[in-house]
Amino acid sequence: MNVAGFIFLLSLHLGVFQIGYGRNASTRPAVVNIGAMFNFDSIIGRVAKIAIDEALKDVNSNSSILKGTKLSVTLQDTNCNGFLGMVEALRYMATDVVAIIGPQCSVVAPIISHVASELRVPLLSFAATDPTLSSLQFPFFVRTAQNDLYQMTAVADIIDHYGWKEVIAIFIDDDWGRNGVSALNDKLAERRCKISYKVGIQPDSSVTQGAIMDVLVKVALMQSRIVVLHLNRRVGFKVFSVANHLGMMGNGYVWIATDWLSLVLDSESPLPSETMDKIQGVLTLRQHTPDSDGKRAFFARWNRITGGSPQLNAYGLYAYDTVWLLAHSLDAFFNQGGVISFSNDSRISSMAGSALHLEAMSIFDDGVLLLKNILLSDFVGLTGPLKFNSDRSLILPAYDIINVLGTGIRQIGYWSNYSGLSTVSPETLYTRPPNRSSANQKLYSVIWPGETLSKPRGWVFPNNGKLLRIGVPNRVSYKEFVSQVRGTDMFKGFCVDVFTAAVNLLPYAVPYKFISFGDGRKNPSYTELVNKITTGEFDAVVGDIAIVTNRTRIVDFTQPYVSSGLVIVARLEKERSGAWAFLQPFSRRMWIVTGSFFLIVGIVVWILEHRINDEFRGPPKQQVITILWFSFSTMFFAHRENTMSTLGRLVLLVWLFVVLIINSSYTASLTSILTVEHLSSPIKGIQSLAATNEPIGYQEGSFAERYLSEELNISRSRLVSLGSPEAYALALKRGPGNGGVAAVVDERPYVELFLSSQCSFKIVGQEFTKSGWGFAFPRDSPLAIDMSTAILALAENGDLQRIHDKWLMQSTCSLESTEIETNQLNLSSFWGLFLICGVACIIALFIYFLQILQQLPPAPESASITGQDSSHSRPLRRFLSLMDEKEEQSRSGQKRRKVDNERDDEFGS
């Protein structure tokens with residue numbers, strides 16, 4: 001390519017100075033010359049040659065396209081070798097053509113595109129798919145096939161769909177191969193995946209099987225089992241042959257080939273059985289062309305012409321449509337007054353006599369106008385809609401996803417830039433709103449290498465002799481969790497045993513070695529330890545590692561094997577009972593609600609008993625005293641008034657049950673307060689601790705320091721680093737006034753171990769963070785997922801609890817009363833009782849008022865209406881009067897009114 005660039009720079013320079021003569025033609029010439037350059041001896045070239053010839057026949061026989069003008073194509077066989085292909089192309093460019101179909105090879109395309117840009121001759125390539133052939137760098141290059149950028153997006157979506165994170169890329173070591181893999185790497189990175197290993201192979205067919213075997217042996221030693229092949233036909237099948245020989249086409253491997261494999265399968269099917277046997281289970285992609293009547297008719301016509309050899313492929317369809325695209329563009333070009341004329345460049349003319357005959361090159365004067373019409377094309381061909389977007393790529397890119405199976409292929413789905421992976425054709429999806437959600441990404445089942453339906457895990461532990469470097473904190477305190485065996489490189493403790501047990505459950509061997517982190521004189525910084533994974537110093541970290549937010553941003557954690565969280569430990573003092581201790585059993589709200597219900601029940605019983613019970617009658621003052629006395633005497637079941645009504649007895653029965661429960665609870669709570677020794681602390685929780693200015697202790701190396709200072713905004717001057725349980729106890733006993741601390745904030749597992757031997761300290765308040773301990777691995781490490789599964793298995797079979805009991809069940813103090821909780825009884829414990837009592841009162845009053853309304857006499861007909869206010873207030877007065885009457889008087893009055901009414905009726909008769 002350096003030689004090609006040198007020759008190009010010698011022959012041309014950006015900016016054109018036009019002089020000289022012009023070989024002009026009429027506005028609508030009889031014949032328009034176009035060129036076509038591709039490799040006649042390649043799979044694409046053999047098909048493209050026939051497709052272009054057939055397209056020319058169709059265009060020239062259609063008078064509605066060019067209106068009498070005929071297209072004439074001059075074919076040029078070009079080599080895909082960079083230097084030779086460039087020389088052949090330069091010679092070919094000396095002919096006066098208005099456009100060139102080609103080149104086929106992405107390696108040659110950049111040089112030819114530079115020349116075409118200077119000569120203003122549009123290049124329409126149906127096979128150069130290199131994603132770096134951009135319109136900015138090569139303005140006269142137009143790609144009439146799909147861009148490899150979309151193919152690599154499809155490959156990345158497939159990898160992400162199956163949950164794989166790392167892949168290996170094997171590619172042809174030329175511009176096309178390198179640029180394609182670079183695009184794949186970018187698309188994988190967008191999905192948090194990556195290429196863990198990539199290797200190029202020489203592009204020529206002379207590459208030996210020994211060289212390929214060296215490459216595949218290195219691949220076999222890698223962790224990833226997902227291999228993407230971006231090769232050509234010759235090299236690709238050699239790779240499959242060697243891989244089959246090395247046993248790499250069996251269970252556990254995934255092979256994804258770009259569209260070079262589908263091109264061979266479409267063009268040369270059926271392949272020999274020995275060849276098909278070597279590619280069983282491989283996934284490949286094919287440029288999608290929608291089914292249509294025109295496409296089916298062309299396939300039938302193709303078979304009549306060629307007899308089925310060579311077979312038509314997608315690139316043949318794109319070559320056919322490229323001729324039609326150029327014909328439509330020329331027709332629009334002539335309609336706009338375009339003229340085919342050429343001019344010479346004086347700089348090229350000065351190079352006359354060179355072997356390349358560059359002086360024969362000339363500039364197409366109206367090339368810009370023709371290019372404009374090409375880019376504005378909009379029609380439907382055999383490959384679907386031919387229309388370009390803003391970056392000069394065909395709209396609606398799509399690929400078929402194919403699984404090689406048996407003696408043929410099986411399509412398992414589609415990929416489109418519109419909706420991603422789908423089992424529904426893209427043409428159907430275009431009629432619906434785009435949906436790229438993960439739930440909508442679907443493919444049919446795949447027969448993977450090894451003839452299995454089970455999705456391969458995608459990775460194995462690399463068999464390259466390297467040990468997994470695992471960082472372990474060298475603690476000086478709480479060695480029950482993790483500690484280094486003196487004089488050795490071995491570690492022991494609860495965390496180490498959990499890790500070892502989980503590794504033993506993995507379905508594969510994991511060679512590893514522990515590496516100590518810390519100087520052994522103080523606890524190391526766990527944040528620094530975790531950061532060592534990102535720098536590559538450690539492959540994993542094992543220990544009492546808290547899963548906190550800032551760490552999860554840089555590493556992946558396993559499933560927590562211990563639940564944890566920050567708690568407060570404080571020194572407790574004996575609490576003495578005061579003069580008002582009898583009020584402590586109930587909370588303030590409980591006292592208010594209880595007193596209110598005493599009054600409510602008394603009023604309800606008075607209403608229900610007032611008409612029939614003389615003990616609830618009398619002057620107003622006496623009745624108020626009766627209500628209050630009856631209400632509060634029920635607290636001691638000392639009420640002397642008898643209830644006579646059924647409703648009153650029902651309400652009283654429910655209320656006495658409520659009083660029984662309240663009395664019993666109050667008595668038990670007060671007894672506990674007055675007789676049991678109580679320990680208390682002025683610190684009730686994290687809020688009260690943060691509100692003071694007293695010093696707070698934390699464990700050296702813990703994340704508690706960052707949390708207290710950054711999350712709770714506690715001044716760092718208040719924070720005191722403590723290195724051991726003995727330092728905890730000493731600082732707490734001294735207290736804030738004697739150089740100690742008011743409380744210690746630490747994670748629950750450490751605190752529980754500390755309190756198992758320090759009974760004079762307790763946890764105050766509630767746990768104010770929720771987290772856990774896990775093992776740390778690099779981001780997207782598949783080992784983290786398998787270790788999480790193993791930890792869950794340990795929890796389910798009881799091994800995790802047995803390991804816990806082995807290391808951490810050394811308690812000499814009871815942990816049952818570790819946390820201080822209030823002894824007050826709250827309303828939340830009794831609201832159900834009060835609800836039942838309230839409902840009973842409401843129902844009783846409702847029934848009682850219905851009875852009163854039935855006894856209410858109608859207003860006499862002879863009553864005079866003295867005023868509006870009197871007419872509205874009279875029924876209420878009668879209702880209240882009836883409620884205040886004694887029941888015997890009310891009944892005698894009703895009898896007298898009944899006798900009077902009967903007499904009136906007799907008199908009327």
Side-chain angles (χ1 to χ4, degrees), residues 1-7 38-45 77-89 103-112 127-133 148 151-152 155 167-185 195-222 224 226-246 248-249 253 255-264 267-268 275 278-279 282 284-285 315:
M1 292 301 297
N2 290 335
V3 177
F6 175 74
I7 294 175
F38 48 85
N39 189 349
F40 293 172
D41 194 33
S42 64
I43 294 178
I44 295 177
D77 186 9
T78 58
N79 196 304
C80 282
N81 178 280
F83 177 71
L84 295 179
M86 185 272 299
V87 172
E88 293 168 351
Q104 171 187 333
C105 302
S106 297
V107 177
V108 183
I111 295 298
I112 301 178
T129 56
D130 186 343
T132 63
L133 295 172
D148 267 350
Q151 180 173 205
M152 295 309 171
V155 173
V167 302
I168 296 172
I170 303 177
F171 57 93
I172 287 292
D173 194 11
D174 60 14
D175 289 347
W176 171 75
R178 287 189 294 269
N179 294 334
V181 169
S182 177
L184 174 62
N185 192 46
I195 296 177
S196 59
Y197 180 70
K198 59 183 177 181
V199 58
I201 299 178
Q202 294 178 8
D204 54 18
S205 59
S206 62
V207 61
T208 63
Q209 287 195 346
I212 294 176
M213 184 171 292
D214 291 341
V215 169
L216 293 184
V217 167
K218 293 180 181 179
V219 169
L221 296 176
M222 296 294 114
S224 176
I226 315 300
V227 185
V228 177
L229 298 181
H230 192 45
L231 304 170
N232 58 34
R233 176 182 184 274
R234 294 184 181 90
V235 178
F237 280 103
K238 285 184 179 181
V239 169
F240 280 129
S241 178
V242 176
N244 189 68
H245 175 72
L246 295 176
M248 298 174 65
M249 298 300 296
Y253 279 90
W255 293 83
I256 302 175
T258 51
D259 63 349
W260 66 267
L261 180 57
S262 64
L263 175 65
V264 177
S267 304
E268 300 181 358
T275 302
K278 297 174 183 177
I279 58 174
V282 175
T284 184
L285 289 86
Y315 287 99

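We use all heavy atoms of the structure for the numbers below, so side chains are in, but hydrogens, waters and symmetry mates are not.
Under the 4.5 Å side-chain criterion, counting only non-hydrogen atoms from C-beta, Phe38 is not in contact with Ile44. Within the 4.5 Å cutoff, the side chain of Gln209 has no heavy atoms near those of the His245 side chain. You'll find the side chain of Val108 stays beyond 4.5 Å of the side chain of Thr78, heavy atoms only. Counting heavy atoms from C-beta outward, Ile256 and Val167 have side chains that stay 4.5 Å or more apart.
When all heavy atoms are compared, the tightest approach of His230 to Trp176 is CE1-CZ2, 3.1 Å. Residues Ile170 and Leu231 share a closest heavy-atom pair of O-CD2, 3.8 Å. A pairwise comparison of heavy atoms in Ser267 and Leu263 identifies OG-O, 2.8 Å as the closest pair. Closest of all the heavy-atom pairs between Ala183 and Pro131 is CB-CG, 4.1 Å. When all heavy atoms are compared, the tightest approach of Pro110 to Val107 is CD-O, 3.4 Å.
Between the side chains of Ser42 and Gln104, a donor-acceptor pair is found at a separation under 3.5 Å.
Note that CD1 of Ile279 and CZ of Phe237 are 5.0 Å apart. Values are rounded to the nearest 0.5 Å. Summarising the geometry, atom CD1 belonging to Ile226 is positioned 9.0 Å from atom CD1 belonging to Ile168; distances are rounded to the nearest 0.5 Å. To the nearest 0.5 Å, atom CG of residue Leu184 and atom CD of residue Gln151 are 10.0 Å apart. Atoms SG and CG, on Cys105 and Asp175 in that order, are 12.0 Å from each other to the nearest 0.5 Å.
The side-chain hydrogen bond (donor to acceptor under 3.5 Å, both in side chains) search around Arg233 returns Glu268, not counting sequence neighbours. Under the side-chain hydrogen bond (donor to acceptor under 3.5 Å, both in side chains) criterion, Asn179 pairs with Asp130, Thr132, not counting sequence neighbours. Under the salt bridge (Lys or Arg N to Asp or Glu O under 4.0 Å) criterion, Asp173 pairs with Arg178, not counting sequence neighbours.
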Checking Leu216 against Met248 for the side chain to side chain contact (heavy atoms under 4.5 Å, CB included) test, could you report, in this order, the C-alpha distance in whole Å, the side-chain angles of both residues, the deciding distance, and whether it holds? CA-CA 9 Å; Leu216 293 184; Met248 298 174 65; 4.0 Å; yes
Might you work through the side chain to side chain contact (heavy atoms under 4.5 Å, CB included) test for Thr284 and Trp255, ending with a clear yes or no? CA-CA 8 Å; Thr284 184; Trp255 293 83; over 6 Å; no
Should Ser196 and Met222 be marked as a side chain to side chain contact (heavy atoms under 4.5 Å, CB included) after you check the CA-CA gap, both sets of side-chain angles, and the distance that decides it? CA-CA 8 Å; Ser196 59; Met222 296 294 114; 5.6 Å; no
Worked check of side chain to side chain contact (heavy atoms under 4.5 Å, CB included) between Trp260 and Ile172: CA-CA 12 Å; Trp260 66 267; Ile172 287 292; over 6 Å; no
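Here the side chain of Asp77 pairs a donor or acceptor atom with the backbone of Phe40 at under 3.5 angstrom. Using a distance-only test at 3.5 Å, with no hydrogens or angles considered, no donor-acceptor pair links the side chain of Asp259 to the main chain of Ser262. Not one N or O on the side chain of Thr129 forms a donor-acceptor pair closer than 3.5 Å with the backbone of Asp148. In this structure a side-chain-to-backbone donor-acceptor pair under 3.5 Å is present from Lys238 to Val207.
For the side chain to side chain contact (heavy atoms under 4.5 Å, CB included) with Met152, the lone residue among Leu285, Thr258, Asn185 that qualifies is Thr258.
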